[in-house]
Amino acid sequence: MAKIVVVGAGFAGHYAALILQDALKGKGNHEITVISRVPKFTYIPSLVWVGVGQMRAEETQFDLKPVYDKLGINYIHGTVVEVHPDPEDQYVVVNLPDGQTKNVKYDYIIIATGPYLNFPAVEGLGPEKGYTQSICTPPHATEAASKYLELVHRLEKGERAKIIIGTGHGLATCQGAAFEYICNIHNDLVDRGLRDRVELMWLSNEPKLGDFGIDGLETKYRGQIFTSEDMVRYVFEQYGIKWEIRSHVRKVEEGKVYTVNLDGEEKEFEFDFAMLIPPFKAQPIKWIDKDGNDITDKVCNPAGFVKVDANYGKPYEELDGPDWPRKYQNPIYKNVFAAGIAFAPPGPLSKPGKAPDGTPIGPTPPRTGYTAELSGKAAALNIVDMIEGREPSHTASMAETPGLCIASMKNKILDGEAATIAIYPVARNRAAYPEYGRDLDNCAAEVGMAGAWFKLFLHYAFLYKLQAKPGWKLIP
Amino acid sequence: MSKEKRDLMDKMWRVRKNLFVQLFRAIVLGLHFWKLVRKVH
């Protein structure tokens, strides 16, 4: 009998638990335990609508325990603070909500904790101790909606306002979520007849417009090569959105954001409402060896993300598809896997840069949504391989799997629009596709109502699938 | 952006809310997504 612990219940962790349960069903008395500090699953892609006040946070969530009870998976509501990975006695230490701690033994473990939202990295950033909003969690998105609707109320009385949306740090990621938010805000203001009273600005760390942390994308259409830069520039021109890119946020004060860009220019922008995505770091988990030594530096990268089977240490210019992890297995502790945001990438997908004062500015690679799910699935099936005495054989490299993204711009059935984006593969792989690093015959990007339908369909399809309702395995 | 590209972008923008065009695009894009998803599942 094997004990498998999954730490985290987001896209990667929760899906890994479902795959494990399904693959090990009827194959012995194996024990699967999910430990999560949040008792609900949140379909994060829909938080953009929560942040505009068009959806309630509860509509993006479901309780995890009933799903796990139905499937025979153990669930512990708590926060993992330590992992003891040495073979003699492998366990995790969990802080429970009532203040107690609990040790949970494991034979195999998947770390899928998602990100720690590092608001303290920038003075004045974030909704709790700062002056900006976030749509990264349900409470944040709900608060963002409340502040936005307060502003709408003021606009209705005739006031004018400045709104800034984008990234709040030189190394932030998830530009796609911020892009969705600024487009939804624009269209919401248009529908309310208030758009002409608002100056809307995109502020980001991207080296070029439409980079999205994935080094942008190219697509072929009628003999032309379109880039995501062409498309985002076009959309922003249509929407009347100004932009300021290649920028790191140095500090935020009430109503003012201070930036420095790659040319070393220091700028200030006033705002009445700002939503800036924070940088991510790993959830604070210590790795302790059998002698009680802290070996976190050995198992994780400096940001705390768990090292897996990637080629680390290469400069950006030399990094290529084969350097990205395939099996998500830790090279030191073979029974440790990491998936989703929690695995350490070998480097950025977008070109990194530095301001003249040395401030790093360049998106870190996104590993969310579908990519997270695929890495969780590969990790889960590799554990099944090991339990059954085989070498891990399942792969889901970001340089061999597609990126599928629907960026909502307006959420309406008969008047909506969204950018439908497909790239293959996510990480450029020049070893396989020398010209662009991607197979352009499999890349697509277009704006239209069809995307809005897809986005809404995916919301319901994923919430259905991830509750393991009848036929859930048919939804890929 | 070249004139040819801008013209094509203008065309995509004009039909982005045309129900018939979008029904067709939903089928085309849905099949494309399905093809990519099948590569990894």
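Residue numbering restarts at 1 for every chain, and letters A, B, ... go by the order of the sequence lines.
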- Query: Just checking heavy atoms, which of residues 453-460 of chain A are less than 4.5 Å from chain B?
  - Reply: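 The stretch touches chain B at A/W453, A/F454.
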Is it the side chain or the backbone of [X] that comes within 4.5 Å of chain B heavy atoms, both, or neither?
| X | result |
| --- | --- |
| A/D439 | neither |
| A/L414 | side chain |
| A/K410 | side chain |

- Message: Please classify the contact between B/I27 and chain A as side chain, backbone, both or neither, with a heavy-atom cut-off of under 4.5 Å.
- Response: neither
[X] versus [Y], closest heavy-atom pair with distance:
| X | Y | result |
| --- | --- | --- |
| B/F33 | A/I421 | CZ-O, 3.7 Å |
| A/N442 | B/H32 | O-NE2, 3.0 Å |
| B/M9 | A/M231 | CE-CA, 3.8 Å |

Spatial distance of atom [atom1] ([X]) from atom [atom2] ([Y]) [nearest 0.5 Å]:
| X | Y | atom1 | atom2 | result |
| --- | --- | --- | --- | --- |
| A/D230 | B/L8 | CG | CG | 11.0 Å |
| A/L404 | B/L29 | CG | CG | 11.0 Å |
| B/L36 | A/T401 | CG | OG1 | 10.5 Å |

- Query: So which of B/E4, B/K5, B/M12 has the biggest tally of heavy-atom pairs under 4.5 Å with chain A?
  - Reply: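 Highest number of pairs under 4.5 Å: B/K5.
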- Most chain B-contacting option - heavy-atom pairs closer than 4.5 Å, from A/E417, A/Q224, A/E400, A/R222: A/E417
- Output, in order, the C-alpha distance, side-chain angles, deciding distance and verdict of side-chain contact (heavy atoms from CB on, under 4.5 Å) for B/R16 and A/M449. CA-CA 6 Å; B/R16 75 192 191 284; A/M449 201 155 57; over 6 Å; no
